[in-house]
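The structure under discussion appears below in the form of structure tokens.
All figures in this text were calculated on a predicted structure; none of them were measured in a lab.
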Amino acid sequence: MMSILCTKCSLDWLNVWLNSCSLFLQIWEQLEQEVTSASERILRHFGHELTQRDVKHRLLMVKGEARDCIVDTVKEEQADMLVIGCRGLGAMKRTFLGSVSDYCVHHVHVPVVVVRK
């Protein structure tokens, strides 16, 4: 009798845990869709701005670690140049958090322009 109660308790706990995981996944998927939509809007906005100024460009949206995606995309697209922003972190924060622009400057084999805030 005691083991049946424990099994039921374990199953109840498992159901709660699985429901929590399911809810977390639903929230995660919704957030991912919102981020993707916002990113697409930003790309369209800047694409329009570049087109208005007759700047040759190609807009891409890729998923993954920013620094690796940028370096890989520059290589794959055979870009002539990379223009990248910089948040202007201090030396201490940059040491601990890393800097995408710094990484790109050292790993991309085309000219890189870093635009500061």
Side-chain angles (χ1 to χ4, degrees):
M1 187 74 154
M2 187 69 141
S3 64
I4 293 172
L5 286 174
C6 288
T7 303
K8 183 179 180 340
C9 290
S10 296
L11 289 177
D12 287 345
W13 179 86
L14 181 61
N15 282 333
V16 168
W17 184 78
L18 289 173
N19 288 336
S20 296
C21 289
S22 176
L23 179 60
F24 173 79
L25 288 175
Q26 289 172 356
I27 292 170
W28 183 264
E29 288 172 1
Q30 182 180 357
L31 286 172
E32 191 173 29
Q33 288 173 352
E34 289 175 15
V35 168
T36 299
S37 294
S39 298
E40 288 170 348
R41 282 193 305 276
I42 291 168
L43 278 176
R44 280 194 305 271
H45 170 76
F46 283 106
H48 178 72
E49 292 291 323
L50 292 169
T51 300
Q52 295 289 56
R53 291 171 171 77
D54 290 328
V55 175
K56 182 180 174 188
H57 65 281
R58 180 168 171 186
L59 301 172
L60 301 169
M61 187 167 66
V62 294
K63 282 176 122 175
E65 205 55 48
R67 64 187 203 168
D68 297 326
C69 288
I70 293 168
V71 170
D72 293 345
T73 302
V74 165
K75 188 175 185 177
E76 289 167 9
E77 295 294 317
Q78 299 176 348
D80 299 319
M81 169 187 269
L82 172 64
V83 179
I84 189 166
C86 175
R87 293 185 293 172
L89 296 177
M92 188 64 89
K93 284 185 181 177
R94 191 171 50 247
T95 300
F96 289 106
L97 298 176
S99 166
V100 172
S101 57
D102 186 60
Y103 182 88
C104 291
V105 165
H106 291 94
H107 290 87
V108 171
H109 300 292
V110 298
V112 178
V113 175
V114 179
V115 179
R116 295 191 179 265
K117 262 183 162 179

Establish whether Val100 and Val62 are linked, either directly or via other cluster members, by ILVMFWY side-chain heavy-atom contacts under 4.5 Å.
-> no
Student check: side-chain heavy atoms of Gln26 and Gln30 closer than 4.5 Å | no
So, for Ser101 and Gly85, which heavy atoms are closest and what is the spacing to 0.1 Å?
-> CB-O, 3.7 Å
NE2 of His45 to CG of Leu50: how many Å apart, nearest 0.5 Å?
-> 9.5 Å
Quick one: ring-ring contact (aromatic ring centres under 6.0 Å, His included) partners of His57, sequence neighbours excluded?
-> none
Taking the side chain as every heavy atom from C-beta outward, state whether His48 and Arg44 have any pair of such atoms under 4.5 Å apart.
-> no
When rounded to the nearest 0.5 Å, the distance separating OG of Ser39 from CD of Glu34 is 11.5 Å
State plainly whether one hydrophobic cluster holds both Val115 and Val55, where clusters connect Ile, Leu, Val, Met, Phe, Trp and Tyr through side-chain heavy atoms under 4.5 angstrom apart.
-> no
Hey, any chance Leu23 and Leu31 share a hydrophobic cluster, counting ILVMFWY side chains that come within less than 4.5 Å of each other, even indirectly?
-> yes
Distance (rounded to the nearest 0.5 Å) between Phe24 CZ and Glu29 CD | 10.5 Å
Pairwise side-chain contact, Ile70 with His107, heavy-atom cut-off 4.5 Å (strictly under) = no
Same cluster (ILVMFWY, side-chain, under 4.5 Å), Ile84 and Val110 | yes
Report yes or no: do Leu82 and Val114 belong to one cluster of Ile/Leu/Val/Met/Phe/Trp/Tyr joined by side chain heavy-atom distances under 4.5 Å?
-> yes
Between atom CE of Met61 and atom CG of Leu43, what is the distance when rounded to the nearest 0.5 Å?
-> 6.5 Å
Taking everything shown except Glu77 itself, do over 12 heavy atoms lie less than 6.0 Å from its CD?
-> yes
Supply the atom-to-atom distance Ile27 CD1 to Glu32 CD, rounded to the nearest 0.5 angstrom.
-> 14.0 Å
Just how far is it from atom NE2 of His106 to atom OG of Ser99, taken to the nearest 0.5 Å?
-> 9.5 Å
